[in-house]
Amino acid sequence: MTRHPGPRAPRRTASPVLLLLAALLALLPALSVLTAPGARAAVGDPAVSLSKKEAGKGGEITVSGSGWRAEALLMLLICGQSTPDRGVVGGTNSCANADGRAVTTDKKGAFSKKLPVTEPPKPCPCVVHVATVTGEQALADAVFTVAGHPTADLPEQTGGGKLAVLATTRLEGDSSVLTWFGAPPARRLVFTVGNLGSAPVKDPVFEIGTAHGVYAPQWEERQWRGTVAPGAKAQIKLPVELSAGAHGDYQISLRYGEKVLAEQPWGVGRPWGVTLFWVLLCLVVPAAVFRIGMAVVDKVRPRPAGSYRTRTPATRRRPKRRGRTGTGTGRDATTARGASTEATVNAAATTDATTAVLPWFTPDSAPSENRPRPTTKGQA
């Protein structure tokens with residue numbers, strides 16, 4: 001018998017290789033899609049969609065979004081004088097801020113929130129503006145039409161203007177007595193800007209960011225009224241205010257557009273007045289409670305026996321003595337009886353006072369003038 005090991009060995013080793021190659025060929029399209037740069041960018045871009053593209057005042061629309069940061073706080077606003085390409089012209093001053101809504105994204109970065117339809121302070125074109133409140137800034141706009149709201153052309157874009165800070169920034173202002181007791185600290189950020197572009201900049205909108213410790217800055221818009229001509233400079237003062245009871249090291253940032261122009265540190269002292277108030281409260285309240293408790297105990301405690309029977313000698317009742325018959329009549333007799341009674345009461349009071357002052361004498365052993373004096377030898 002002749003064995004043929006040659007043909008069988010290649011079949012056993014070739015089958016796993018062919019299966020592996022087939023699996024790689026099948027996964028190649030999926031790998032190419034995952035490694036494409038455009039696909040990754042599309043997943044991370046925040047997007048906004050609306051249930052209605054047009055609605056009148058008093059209506060309601062549903063705003064949905066995806067691709068946002070997980071568990072991020074967002075603000076939804078209806079803004080006028082805005083387009084998705086150009087953004088919100090004039091900042092949030094063009095938006096209906098009083099009727100905005102806040103929403104927090106889920107773990108996948110999606111959200112859905114109902115938004116009431118109101119007329120913004122600026123004419124349309126309008127958008128639904130969605131932006132992050134804290135952390136890394138991200139925003140998205142969706143075209144929306146407010147039915148019945150006036151429409152106007154967008155203002156001319158002055159792209160030739162370019163602002164830059166020419167001098168160091170500083171904080172002006174002092175803290176008041178109320179700040180020592182926890183009132184919000186307030187200052188004015190003073191800086192000088194110059195227009196390095198070829199077009200004037202009118203009513204620029206700056207952003208003031210306040211950061212404490214390792215936290216990201218929280219930005220607030222501040223608009224300056226005025227115009228900076230090309231090649232000119234201007235001194236700008238913007239208010240800066242922290243929250244009540246704030247203390248520690250803060251970092252104040254100034255941003256115009258997408259560029260941070262300056263940063264200024266700010267050391268805020270601790271409100272020691274609040275600490276003093278709590279210390280005094282912890283001392284005064286227990287003392288007052290103790291005084292009240294002692295007064296209550298003194299009021300309700302039992303009295304010792306006989307304490308209510310003690311009376312002064314002058315108030316003790318004495319038996320009335322009848323006047324002798326024939327000694328007098330009328331007013332003279334009454335006066336005599338009153339005088340004798342008063343003398344008797346005074347004598348009794350004197351005796352009782354002597355006995356009370358000298359308790360070691362008994363009524364029998366006390367000296368008396370009525371007792372006969374002892375006789376001495378040689379006297380009759």
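Note that this is a predicted model, so its numbers are computed, not measured.
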Item to check | Within one Ile-Leu-Val-Met-Phe-Trp-Tyr cluster: Val128 and Leu74, side-chain cutoff 4.5 Å | outcome: yes
Checklist entry - Can you name the residues that form a side-chain contact (heavy atoms from CB on, under 4.5 Å) with Pro239, not counting sequence neighbours? => result Arg222
Checklist entry - Got more than 12 heavy atoms from elsewhere within 6.0 Å of CG, Asp249? => result no
Checklist outcome for this item: Residues at least two apart in sequence or cross-chain that pass side-chain contact (heavy atoms from CB on, under 4.5 Å) with Pro121, listed by chain then number, are none
For residues 272-300, dump all side-chain donor-acceptor pairs below 3.5 Å to protein atoms at least two apart in sequence or in another chain.
unit_1 : atom_1 : unit_2 : atom_2 : d
Asp298 : OD1    : Arg301 : NE     : 3.4
Asp298 : OD1    : Arg301 : NH2    : 3.1

Item to check | Check: Thr83 side chain, Arg86 main-chain N or O, donor-acceptor pair, under 3.5 Å | outcome: yes
Checklist entry - Should Val201 and Val193 count as side-chain neighbours, where that means a heavy-atom distance under 4.5 Å? => result no
Checklist entry - Are any non-hydrogen side-chain atoms of Phe111 and Leu76 less than 4.5 angstrom apart? => result yes
Checklist entry - Is the count of non-hydrogen atoms from other residues, nucleotides or ligands lying under 6.0 Å from Lys107 atom NZ greater than 12? => result no
Next on the checklist: Within the structure provided, determine whether His149 and Pro120 are in side-chain contact (heavy-atom separation under 4.5 Å).
Outcome noted: yes
Checklist entry - Are Val130 and Asp141 side-chain neighbours, meaning at least one heavy-atom pair lies under 4.5 Å? => result no
Next on the checklist: Please say yes or no: joined through hydrophobic side-chain contacts below 4.5 Å, possibly via intermediate residues, are Trp68 and Val63 part of one cluster?
Outcome noted: yes
Checklist entry - Under a 4.5 Å cut-off applied to non-hydrogen side-chain atoms, are Lys53 and Thr145 in contact? => result no
Result block: side-chain N/O donor-acceptor pairs under 3.5 angstrom for residues 91-100, not counting sequence neighbours:
unit_1 : atom_1 : unit_2 : atom_2 : d
Thr92  : OG1    : Glu221 : OE1    : 2.8
Asn93  : ND2    : Gln223 : OE1    : 2.6
Ser94  : OG     : Val89  : O      : 2.7
Asn97  : ND2    : Thr92  : O      : 3.0

Item to check | Separation of Cys124 SG from Glu119 CD (nearest 0.5 Å) | outcome: 8.5 Å
Checklist entry - Going through the distances and angles, do Ile252 and Ile208 end up as a side chain to side chain contact (heavy atoms under 4.5 Å, CB included)? => result CA-CA 7 Å; Ile252 308 301; Ile208 301 295; 4.1 Å; yes
Checklist outcome for this item: Using a 4.5 Å side-chain heavy-atom cut-off and chaining through intermediate ILVMFWY residues, the residues clustered with Leu73 come out as Met75, Leu77, Val133
Next on the checklist: Between Arg170 (side chain only) and Val190 (backbone N and O only), is there a donor and an acceptor less than 3.5 Å apart?
Outcome noted: no
Checklist entry - Tell me the ring-ring contact (aromatic ring centres under 6.0 Å, His included) pairs involving residues 192-212, sequence neighbours left out? => result Phe191-Phe206, Phe206-Tyr256, His212-Tyr250
Next on the checklist: To the nearest 0.5 Å, what is the distance between CZ on Arg188 and CD on Glu241?
Outcome noted: 13.0 Å
Checklist entry - Considering only heavy atoms from C-beta outward, does the side chain of Cys79 approach that of Cys126 to under 4.5 Å? => result no
Checklist entry - Taking the side chain from Asn195 and the backbone from Lys162, do they hold a donor-acceptor pair closer than 3.5 Å? => result yes
Item to check | Value rounded to 0.5 Å, distance of CD in Gln235 from OG1 in Thr192 | outcome: 5.0 Å
Checklist entry - Would a 4.5 Å heavy-atom cut-off, applied to side chains only, mark Leu50 and Lys52 as touching? => result no
